[in-house]
2 protein chains.
Amino acid sequence: MSKNCNFIEKLRETGLRPTKQRVKICEVLYKREKTFHFTINELVKKISEENNEKISLATVYNTVHAFKKKGYLKEITLNNDSTYFDTNTSHHHHFYDNSTKELIDLNDEDVEKIQIKKTLPGKKISSVEILVKVDNE
Amino acid sequence: MSKNCNFIEKLRETGLRPTKQRVKICEVLYKREKTFHFTINELVKKISEENNEKISLATVYNTVHAFKKKGYLKEITLNNDSTYFDTNTSHHHHFYDNSTKELIDLNDEDVEKIQIKKTLPGKKISSVEILVKVDNE
DNA sequence: CTTCTAATTTAGAATAATTATAAAAAAATA
DNA sequence: TATTTTTTTATAATTATTCTAAATTAGAAG
């Protein structure tokens with residue numbers, strides 16, 4: 001979903017009623033320059049900072065999962081305590097900063113094409129994801 | 001830890017008291033041909049199948065984390081519900097079968113060398129992990 | 001503009017995975 | 001064998017997430 005989107009229209013188009021909670025969440029997620037990596041907790045915190053009326057935790061969960069199902073968010077592969085989501089839904093990889101616990105995008109074109117030389121009979125590859133963990137030098 | 005290890009000696013060497021619970025867990029984990037990928041729940045189930053006396057759930061958690069700290073187990077990067085561990089502690093990658101929810105080893109030499117063309121200032125790469133998700137054909 | 005229906009929000013309960021606690025048991029040491 | 005330290009254990013606590021059912025809201029129809 002793009003930064004200067006008419007969120008109300010966009011939501012309606014995809015069959016999601018544009019409630020004020022959903023529009024507010026859209027603004028927090030998509031009205032920004034860079035892609036946004038977040039956990040549900042971080043999102044809840046951001047919303048309550050920007051909003052005078054609070055949004056229920058259950059609504060945040062519902063909305064994030066609805067957006068994921070519609071393809072507006074991607075869930076990210078990490079073995080951490082909490083689940084991360086990403087507003088960048090194109091195919092890409094990630095750096096994970098062990099010291100700050102932050103995720104950073106690693107674009108497809110910044111990785112030399114990966115060749116998997118092993119095949120599994122009867123199975124086809126659906127995705128190849130790279131996680132590059134980094135530490136301070 | 002190798003298949004035909006003297007677990008009692010090996011544990012003692014690394015400063016872990018060889019209790020009967022730990023030795024039993026070693027047997028379940030390492031007395032097998034192939035590397036073993038498991039969740040805590042699966043491990044508890046395997047133990048109770050092979051063992052007449054039950055081992056407390058807390059002990060299984062304690063032991064798995066102690067083994068991980070000693071480098072006998074590796075925790076695996078997956079955004080699933082439960083956390084996976086791996087008895088193969090060498091550097092390697094994984095297939096994840098979406099239909100069976102199983103992990104399969106993908107050795108380092110089965111992947112063409114990965115070149116990351118982007119660098120992060122002040123950060124050094126500590127690991128590069130690939131997760132290849134597969135579905136039925 | 002009001003009425004109706006279905007979707008959505010909400011607070012709080014339920015669940016599941018994991019960690020903490022503190023007493024009892026076992027292992028190592030003297 | 002006595003003593004000290006580590007480990008196990010059952011249970012409680014915690015955390016993230018999902019469920020539930022009642023109240024509210026959005027959109028459609030009149």
Side-chain angles (χ1 to χ4, degrees), chain A residues 6-29 37-48 51-70 72-73 75-85 101, chain B residues 6-29 37-48 51-70 72-73 75-85 101:
Chain A
N6 178 345
F7 297 125
I8 292 181
E9 259 321 297
K10 196 64 189 274
L11 286 168
R12 222 190 305 260
E13 275 171 28
T14 46
L16 291 174
R17 288 193 178 172
T19 63
K20 67 176 189 306
Q21 292 87 344
R22 284 175 178 166
V23 172
K24 183 68 217 172
I25 291 173
C26 280
E27 285 169 0
V28 173
L29 293 180
H37 300 109
F38 63 94
T39 63
I40 295 284
N41 268 334
E42 288 162 1
L43 179 56
V44 168
K45 203 184 296 174
K46 278 242 192 297
I47 291 167
S48 59
N51 225 28
N52 15 9
E53 293 162 64
K54 82 178 273 270
I55 296 180
S56 162
L57 180 61
T59 303
V60 179
Y61 273 97
N62 287 344
T63 304
V64 165
H65 284 114
F67 285 8
K68 183 189 161 192
K69 195 177 275 177
K70 293 293 179 185
Y72 298 151
L73 286 175
E75 202 171 338
I76 295 178
T77 291
L78 258 195
N79 73 337
N80 246 286
D81 323 298
S82 22
T83 308
Y84 282 80
F85 292 88
K101 309 233 173 295
Chain B
N6 178 346
F7 297 124
I8 292 180
E9 260 321 297
K10 195 65 187 276
L11 286 169
R12 222 189 304 261
E13 274 170 29
T14 46
L16 292 173
R17 287 190 180 176
T19 63
K20 68 176 188 307
Q21 292 87 344
R22 285 174 176 166
V23 172
K24 182 67 217 174
I25 291 173
C26 279
E27 285 168 0
V28 173
L29 293 180
H37 300 110
F38 62 93
T39 63
I40 296 284
N41 268 335
E42 288 162 2
L43 179 57
V44 168
K45 204 184 296 173
K46 279 243 192 295
I47 292 167
S48 60
N51 224 30
N52 15 8
E53 293 161 64
K54 83 177 272 270
I55 296 181
S56 162
L57 179 61
T59 303
V60 179
Y61 273 97
N62 288 342
T63 305
V64 165
H65 284 115
F67 284 9
K68 183 191 160 190
K69 194 178 276 177
K70 293 293 178 186
Y72 298 152
L73 286 175
E75 201 170 339
I76 295 178
T77 290
L78 257 194
N79 74 337
N80 246 285
D81 323 297
S82 24
T83 307
Y84 283 79
F85 292 88
K101 310 233 172 293

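In the text below, chain A, chain B and the rest are named by the order of the sequence lines, each starting its count at 1.
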Using atom [atom1] of [X] as one end and atom [atom2] of [N] as the other, report the distance to the nearest whole Å.
X     : N      : atom1 : atom2 : value
A:L11 : C:dT9  : CG    : P     : 10 Å
A:K20 : C:dT9  : NZ    : P     : 9 Å
B:N41 : C:dT15 : CG    : P     : 16 Å
A:L43 : D:dA16 : CG    : P     : 14 Å
A:E42 : D:dA16 : CD    : P     : 11 Å
B:I25 : D:dT7  : CD1   : P     : 13 Å
A:N62 : D:dT24 : CG    : C1'   : 15 Å
A:R22 : C:dT9  : CZ    : P     : 4 Å

Side-chain-base donor-acceptor pair under 3.5 Å for B:R17 and D:dT5:
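Flag set: donor-acceptor pair detected.
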So, applying side-chain contact (heavy atoms from CB on, under 4.5 Å) with B:F85, which one of B:L43, B:V64, B:I76 is it?
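Testing B:F85 for a side-chain contact (heavy atoms from CB on, under 4.5 Å) against B:L43, B:V64, B:I76 leaves exactly one candidate, B:V64.
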OP1 or OP2 of [N] versus the side-chain N and O atoms of [X]: is any pair under 4.0 Å?
X     : N      : result
A:Y61 : D:dT18 : no
B:Q21 : C:dA26 : no
A:R12 : D:dG27 : yes
B:K54 : D:dA10 : yes
B:T83 : C:dT18 : yes

Heavy-atom closest contact (B:I8 atom, B:V23 atom, distance)
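Answer, listing the atom of B:I8 first, then B:V23: CG1-CG2, 3.9 Å.
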Indicate yes or no for a side-chain donor-acceptor contact from B:K24 to the backbone of B:N51 under 3.5 Å, with no hydrogens or angles considered.
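Side chain of B:K24 to backbone of B:N51: no pair is present.
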Backbone N/O of A:L11 and side chain of A:T14: donor-acceptor pair under 3.5 Å:
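Such a contact is found between A:T14 side chain and A:L11 backbone.
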Please indicate whether B:E53 has more than 12 foreign heavy atoms, meaning atoms of other residues, nucleotides or ligands, lying under 6.0 Å from its CD.
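No, the 6.0 Å shell around CD holds no more than 12 heavy atoms from other groups.
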Closest-nucleotide mapping onto DNA chain D: is B:G15 or B:L57 further toward the 5' terminus? I mean the 5' end.
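Final value for this comparison: B:G15.
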Choose from D:dT8, C:dT9, C:dT10 the nucleotide whose nearest atom is closest to any side-chain atom of A:T63.
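Looking only at side-chain atoms, A:T63 lies closest to C:dT9.
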Which nucleotide sits closest to the side chain of B:H65: D:dA10, C:dG12, C:dT19?
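When the side chain of B:H65 is considered, C:dT19 is the closest of D:dA10, C:dG12, C:dT19.
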For B:T19, report the nucleic acid contact type (base, sugar-phosphate, nothing); a contact means any heavy atom under 4.0 Å.
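Answer is sugar-phosphate: B:T19 comes under 4.0 Å of backbone atoms only.
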